[in-house]
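One structure below.
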Amino acid sequence: MALIVQKFGGTSVGTVERIQAVADKVLGFRRAGHDMVVVVSAMSGETNRLIGLARQIEEDPDARELDALVSTGEQVSMALLAMALHARGCDARSYNGSQVRILTDSAFTKARIREIDDVRIRADLAQGRVVVVAGFQGVDEAGNVTTLGRGGSDTTAVAVAAALKADECQIYTDVDGVYTTDPRVVPEARRLDRITFEEMLELASQGSKVLQIRSVEFAGKYKVPLRVLSSFVDGPGTLITMEEGNPMEAPTIAGIAFNRDEAKVTVRGVRDTPGSAYQILGPVGEANIEVDVIVQNVAEGQSTDFTFTVHRNDAKRAAAILQELLPSIGAREVVTDAKVAKVSIVGVGMRSHAGVASRMFKALSDVQINIQMITTSEIKVSVVIDEKYLELAVRALHSEFGLDTPVAEEA
Ligand code: ADP
Ligand code: ASP
Ligand code: MG
């Protein structure tokens with residue numbers, strides 16, 4: 001008998017019929033003797049619908065009220081699932097984040113979990129009940145409802161699993177595991193049997209939305225055994241593992257991530273003097289705008305161009321801040337370009353294989369894609385390119401690094 005935390009995403013609880021199918025699945029595990037805690041997302045489309053309602057009132061709604069609003073989506077699914085379990089003769093109780101007491105900081109819309117009170121959950125489990133927890137939400141010290149950022153139910157599940165020292169955390173979604181890249185973009189993508197935490201964290205950070213970044217961080221930090229599985233078809237899914245295996249046998253690249261959410265900001269004619277990078281990025285950072293890729297050209301003469309990427313939603317704000325500062329930085333102009341995308345190849349195998357970056361650049365050049373920016377880390381190479389070539393780039397790299405599903409040989 002094990003303690004299992006299962007999480008069902010939006011599509012998996014998208015209709016009453018699907019919620020009933022989830023109840024059947026959970027009940028199967030309960031009847032096998034396991035202690036079950038189930039974390040649910042809002043029904044698919046619901047979080048977007050709620051955000052849409054708020055935006056009809058205000059373009060930039062108050063963050064506290066937005067959290068009060070969007071957290072309701074998960075509360076609908078938690079109650080429906082508990083009812084579906086009752087209808088099957090299974091004792092179950094649902095709790096929202098505040099009832100469990102998932103304590104977070106007060107950063108509305110992107111709160112971080114500080115502590116989870118396990119008393120209620122443990123008491124219910126001891127009574128033989130299935131516990132259903134609303135994903136994506138918590139409560140701050142002052143009692144305000146908070147949410148954990150888009151995709152945050154993954155993080156609720158892993159954090160609850162960590163707090164309960166669960167034997168496994170199973171993330172059920174609409175794909176049957178983690179693939180070499182988003183299977184919606186590259187149909188030849190392959191499911192991975194296992195992937196290291198480090199690689200999964202890098203893929204999530206670079207834009208693979210199959211798991212929220214924070215959930216992978218939690219799983220790594222608290223050593224929560226984590227598996228991604230399909231709600232709809234049985235199978236082994238993908239295990240996120242601590243073990244790296246033999247580095248010499250690791251494939252060079254585990255997967256490819258991409259991100260369409262970034263925009264490029266270029267400051268032209270920046271004085272080539274000490275402190276200019278700080279003069280530009282200091283005020284951007286103070287405005288709480290996160291900077292991702294940075295490129296500064298070597299100066300030709302007295303001045304240079306300084307380019308960086310930020311989230312698309314922040315591009316206008318970053319440009320406005322720098323526009324004001326142009327005279328003091330001694331720069332000519334600020335321009336933004338939102339039509340860019342970032343593609344990243346990720347793999348611990350890079351540590352033991354040389355020339356991975358140049359292989360990437362050659363594959364892109366073979367399909368005539370111009371690279372605008374480059375950034376690397378120990379297990380990742382990212383490039384910023386024109387958004388319209390994103391799919392072509394991902395496909396080209398997927399086949400260059402041997403990730404495509406092998407074509408069955410003809411007899
Ligand atoms: P849920 O609502 O269950 O949380 P998400 O939509 O958040 O589901 O995540 C699942 C989706 O992630 C898949 O449908 C797929 O399109 C996308 N995805 C992106 N990258 C990958 C990847 N490398 N492997 C699998 N799925 C991926
Ligand atoms: N419902 C939230 C969202 O759509 C959280 C989640 O599904 O994980 O982002
Ligand atoms: Mg998700």
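Atoms within each ligand, like the ligands themselves, are counted from 1 in listed order.
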With the side chain counted from C-beta on, respond yes when Tyr389 and Val367 share a heavy-atom pair under 4.5 Å apart, and no when they do not.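 They are not in side-chain contact.
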
Ile213 vs Leu201 side-chain heavy atoms within contact, under 4.5 Å: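 Answer yes - side chains close enough.
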
Within the structure, does at least one protein heavy atom fall under 4.0 Å of atom 24 (N) of ligand 1? yes

Could you pull out, from Thr47, Asp182, Ile171, Val186, the option with a heavy atom nearest to atom 19 (C) of ligand 1?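 Answer by nearest heavy atom: Asp182.
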
How are the rings of Phe8 and Tyr172 set to each other: parallel, tilted or perpendicular (split at 30° and 60°)?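 Rings of Phe8 and Tyr172: parallel, under 30°.
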
Using a strict cut-off of less than 4.0 Å between a Lys/Arg side-chain nitrogen and an Asp/Glu carboxylate oxygen, indicate whether [X] and [Y] qualify as a salt bridge.
{"X": "Asp91", "Y": "Arg129", "answer": "yes"}
{"X": "Lys339", "Y": "Glu387", "answer": "no"}
{"X": "Arg184", "Y": "Asp174", "answer": "yes"}
{"X": "Arg191", "Y": "Asp193", "answer": "yes"}
{"X": "Lys388", "Y": "Asp386", "answer": "yes"}

Atoms of ligand 1, numbered as shown, that sit under 4.0 Å from any heavy atom of [X]:
{"X": "Asp174", "value": "10 (C), 11 (C), 13 (C), 14 (O)"}
{"X": "Val178", "value": "24 (N)"}
{"X": "Arg184", "value": "13 (C), 14 (O), 15 (C), 16 (O)"}
{"X": "Tyr179", "value": "22 (C), 23 (N), 24 (N), 25 (C)"}
{"X": "Thr173", "value": "1 (P), 3 (O), 8 (O), 9 (O), 10 (C)"}

Check contact between [X] and ligand 1, using heavy atoms of the residue and a distance below 4.0 angstrom.
{"X": "Pro183", "result": "yes"}
{"X": "Gly177", "result": "yes"}
{"X": "Gln212", "result": "no"}

Regarding Asp67 and Thr146, do their side chains bring together a donor and an acceptor under 3.5 Å, going by distance alone? no

Would you say Asn48 and Arg150 are linked by a side-chain donor-acceptor pair, where the criterion is simply a distance under 3.5 Å? yes

With rounding to the nearest 0.5 Å, note down the distance linking NZ in Lys7 to CG in Leu211. 8.0 Å

Could you establish whether [X] and ligand 2 come within less than 4.0 Å of each other, counting only heavy atoms on the residue side?
{"X": "Gly10", "result": "no"}
{"X": "Glu46", "result": "no"}
{"X": "Gly151", "result": "yes"}

Atom 7 (O) of ligand 2 [closest protein heavy-atom partner, distance rounded to 0.1 Å]: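 The closest one turns out to be Ser41 OG, 3.1 Å.
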
Heavy-atom nearest neighbour in the protein, as seen from atom 4 (O) of ligand 2, with distance rounded to 0.1 Å: Arg150 NH2, 2.9 Å

Does ligand 1 have a heavy atom under 4.0 Å from the side chain of Thr181, from its backbone, from both, or from neither?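 It is the backbone that touches ligand 1; the side chain stays farther off.
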
Which bit of Lys7 gets closer than 4.0 Å to ligand 1, counting heavy atoms only: side chain, backbone, both or neither?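 Side chain only.
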
For ligand 2, note which part of Gln212 has a heavy atom under 4.0 Å away: side chain, backbone, both or neither.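 The answer is neither.
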
